[in-house]
Amino acid sequence: MAGSKIVALAGGVGGAKLAEGLAARLGDRLSVIVNTGDDCERHGLLVMPDHDTVLYNLAGIEQAGLGWGIEGDTYAAMDQLAAYGEEAWFRLGDRDLALHVARTSRLREGGRLTEVCLGLQRALGVAAQILPMSDASVRTQVRTADGWMEFQEYFVHQRQVPDVLEVRFDGAALATLTAEVATALREASAIVLCPSNPLVSIGPILAVPGMRALLAAARARGVPVAAVSPIIGGRALKGPADRMLAALGHESSALGVARLYAGLVDRFVLDTVDAALAPDVAALGQGTVVTDTIMTDDASRARLAGELLAALGLGA
Ligand code: GDP
């Protein structure tokens, strides 16, 4: 449908793949609201892993195979930082570091987070808007047997080995929606929850006060809201989403994810291997789409995005 605007909610790698497929079809008609709960300070710089993963994918420069970071990046600065005795477990590539330097310097000059991010996106030629879920600082923390810790301590340093016993979003209660996020959701013809970790990627976005109300208002206007399952055959393709779901008392399956989104979405995309779960998902009030949801290359991203848009009534 020409002219219709779409909003996608995304975390890192899984979300970025679908966002890129949507961007290839929609260009500047796509707004991606990204999780900022994973953001952290490294070497005095603000690092935004999910924003930057979506940025590099939409700019077409992401590391092949990994999906995050910049293809062909080098690590000279990191090695030199380590030589000075700086902590080096969070490996930032040289070209990646330039983004964190530019962003932090613009923020220190008084720039607003969303505006600074939009400026950096334009510089890389990205037509879609990638919107931080809030300009305020929200930090995801997880509790393991060792106690509460920052998300990246668990995710990168401890390599997601410990079981997560609890999750909290520090600062979320005081965070406010940006004008850009509110406008995008008010103008959306359809909203998509990308295949991202529902607990620590989509969860923090939904925790920003006012976000759920805007999604509900969109649904009340008849705007379709769809989710794509990040769990396929009971497993996450990467990352700890499956173990985290189970440890926190949810079913590690597409149905478990659909239950988490009950009342929020009215369509749910499951992988073909999970076709048998479709009736149970439908019983939650979610129209089901069963298709191949594994995105291995640009063609499979574009195909899934196209099928999704068709299911949302926005086929070309
Ligand atoms: P992270 O921040 O890098 O962990 O990335 P996300 O929050 O976006 O989510 C990771 C989730 O994405 C995992 O549950 C994966 O199973 C899921 N995922 C990654 N690639 C794909 C894919 O091609 N298709 C689907 N359906 N899910 C995917």
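Below, all heavy atoms of this structure are taken into account, side chains as well, without hydrogens, waters or symmetry copies. Keep in mind that what you see is a predicted model, and the values were worked out from it rather than measured. In each ligand, atom 1 is the first atom listed, and ligand 1 is the first ligand listed.
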Checking R42 against W89: charged group under 6.0 Å from the ring centre and within 45 degrees of the axis? yes
Residues 96-106 vs salt bridge (charged side-chain N to carboxylate O under 4.0 Å, His left out), sequence neighbours excluded, gives D52-R103
(Q) Testing the 3.5 Å rule here: is there a donor-acceptor pair between the side chains of T293 and D271? (A) yes
Tell me yes or no: between the side chains of T74 and D94, is some donor less than 3.5 Å from an acceptor?
yes
Of all heavy-atom pairs linking P204 and L199, the shortest is CD-O, 3.8 Å
Ordered by chain then number, the protein residues lying under 4.0 Å from ligand 1 by heavy atom are G11, G12, V13, G14, G15, K17, D50, F155, P195, S196, N197, S201, S229, P230, I232, A236, L237, K238, A241, T293, I294, M295
Exercise for review: Could you walk me through whether D135 and R112 pass the salt bridge (Lys or Arg N to Asp or Glu O under 4.0 Å) test, one step at a time?
Suggested key: CA-CA 7 Å; D135 286 331; R112 188 167 64 87; 2.7 Å; yes
